[in-house]
There are 2 protein chains.
Amino acid sequence: MALTREQVVGTAVSVLRDFGLADLSMRRLARELDVQVGALYWHVKNKQELLVDVAAQLLGDIPAEESSGQGPGAGRSAVVQLATAIRSALVPVPDSAEVVQLAQSMQPVALAPLTSLRDLLEAAGVGPGRSAWAQHLVLNHILGSVAAEQERARLASVAANDPASPGGPPLGADAFAWGLEVILDGALPR
Amino acid sequence: MALTREQVVGTAVSVLRDFGLADLSMRRLARELDVQVGALYWHVKNKQELLVDVAAQLLGDIPAEESSGQGPGAGRSAVVQLATAIRSALVPVPDSAEVVQLAQSMQPVALAPLTSLRDLLEAAGVGPGRSAWAQHLVLNHILGSVAAEQERARLASVAANDPASPGGPPLGADAFAWGLEVILDGALPR
DNA sequence: ACCTGAACACCGTTCAAGT
DNA sequence: ACCTGAACACCGTTCAAGT
């Protein structure tokens, strides 16, 4: 049976999930699919385009809008919910922040949850001229937090039984939540 | 005359500045220095360690502390000043955000201006338990803004005379300043 | 339409051997 | 102490040729 683009993307996602971006090479992918490298280039233009699809799949399971009722603070809590969902989807996948950042810069509208984030921010009361800025502010916080947490995990697994702990205090879900509140406190009408 | 580590780092910085991270290979560096690749490894443990030094040099010219008087808002404006200085140092150097992020994750205390940023935030009134979180929040904003702006510049220079402008509204110094104010509004006592 | 085989032009890192 | 020469084990991408 013929190879499909979905198989290529799916295998790329699972290599990323299990081994990280450093191991996600076109040649490794071809080996995993029992195929020659050149075959991949019939289904995919190049590695960058493949990574855009990988990012889309990582964010694909996130509910699109989530209308969260009315009343004061409803818009704000919808933003918190979506941002937290994005973070949760990325945290378990190594180097996912890097992949999403690359995809976002190459195809600014290809990732639905990220444009949905901008809409929710606008609905929550950030000025219309500021919604793209606010979107980037929140997104940089998400991706930065995820990258930092994964880096910490990577160092911990390398250090293992190293008695000298690597300096920094633990960042995590609580640091992320705090930063998100700070941003929304400053960006939304109080 | 013998090659020095300073020469290696300095040449790496100038290749980064002129051609970007994709062109900053150990082999390219060796060619630029009229030397065999292996020679570099006598002066530098590996490429990652070299990039940490590159990041340090990029941030090296930034004034360390800048005591900005007393009175209300003095601490806050010192934070704004330092964050803006860091942004200004990185914006003209392609891929500098990536390099600094890598260096920061490998050697959390090696980059003086970044720890100085944390101290200023603490002095400006962010809770002592929150200063590391606030440092990361501001740093993610700086690096994310710089990366976005450089990516925009890269696309613009590739597109050149492409009539279809690439979607996103312009981000820049004003978007950065807005985001910084938002963060400080939320993080500092009002 | 879909894939193989093979090439092109690269990488980072190591290390015996030279001076 | 400092560097060369050469190798090892990789990369992404292209493309004639096969089926």
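Labels below follow one simple rule: chain letters A, B, ... track the order of the sequence lines, proteins then strands, and each chain is numbered from 1.
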Of all the base pairs, Watson-Crick or G-U under 3.5 Å, which form stems of three or more consecutive pairs involving DNA chain D?
C:4-8 with D:12-16, C:12-16 with D:4-8
Under 3.5 Å, is there a donor-acceptor pair between the side chain of A:Q150 and the main chain of A:D95?
yes
Using the rule that two of Ile, Leu, Val, Met, Phe, Trp, Tyr join whenever any of their side-chain heavy atoms come within less than 4.5 Å, decide whether B:L33 and B:F19 are in one cluster.
yes
Numerically ordered, the residues 39-55 of chain A set in heavy-atom contact under 4.0 Å with DNA chain D is A:Y41, A:N46, A:K47
Not counting sequence neighbours, which residues clear salt bridge (Lys or Arg N to Asp or Glu O under 4.0 Å) with B:E181? List them please.
B:R76
Using side chain to side chain contact (heavy atoms under 4.5 Å, CB included), reason through B:L143 and B:L90 one step at a time and then give a plain yes or no.
CA-CA 9 Å; B:L143 298 182; B:L90 298 183; 3.8 Å; yes
Kindly write out the residues that satisfy side chain to side chain donor-acceptor pair (under 3.5 Å) with B:E98, not counting sequence neighbours, or none if the list is empty.
none
Range on DNA chain D touched by chain B, heavy atoms, distance below 4.0 Å:
D:dA1 to D:dA7
When you measure from the side chain of B:E151 to the backbone N and O of B:A147, does any donor-acceptor pair fall under 3.5 Å?
no
Residues A:L50, A:L29; criterion side chain to side chain contact (heavy atoms under 4.5 Å, CB included); working and verdict
CA-CA 11 Å; A:L50 172 62; A:L29 210 49; 3.5 Å; yes
Between C:dC10 and D:dA9, how many Å separate the two C1' atoms, rounded to a whole number?
14 Å
Specify the residues of residues 5-28 of chain A, ordered by number, for which at least one heavy atom lies under 4.0 angstrom from an atom of DNA chain C.
A:R27
Between B:E122 (side chain) and B:S131 (backbone), is there a donor-acceptor pair under 3.5 Å?
no
Could you check B:G38 against A:G38 and say which one's nearest nucleotide on DNA chain D is further toward the 5' end?
B:G38
Which part of the nucleic acid does B:V35 contact within heavy-atom distance under 4.0 Å: base, sugar-phosphate only, or nothing?
sugar-phosphate
Going through the checks in order, is the salt bridge (Lys or Arg N to Asp or Glu O under 4.0 Å) test met by A:E32 and A:R27?
CA-CA 9 Å; A:E32 215 89 19; A:R27 302 178 108 99; over 6 Å; no
Is there a donor-acceptor contact under 3.5 Å from the side chain of B:Q135 to the main chain of B:L114?
yes
Going by side-chain contact (heavy atoms from CB on, under 4.5 Å), B:V37 matches just one of B:M26, B:R28, B:R31. Which one?
B:M26
Does B:F176 offer a backbone N or O that forms a donor-acceptor pair with the side chain of B:H141 under 3.5 Å?
yes
Which atom of B:V146 lies closest to which atom of B:A97, heavy atoms considered
CG1-CB, 4.1 Å
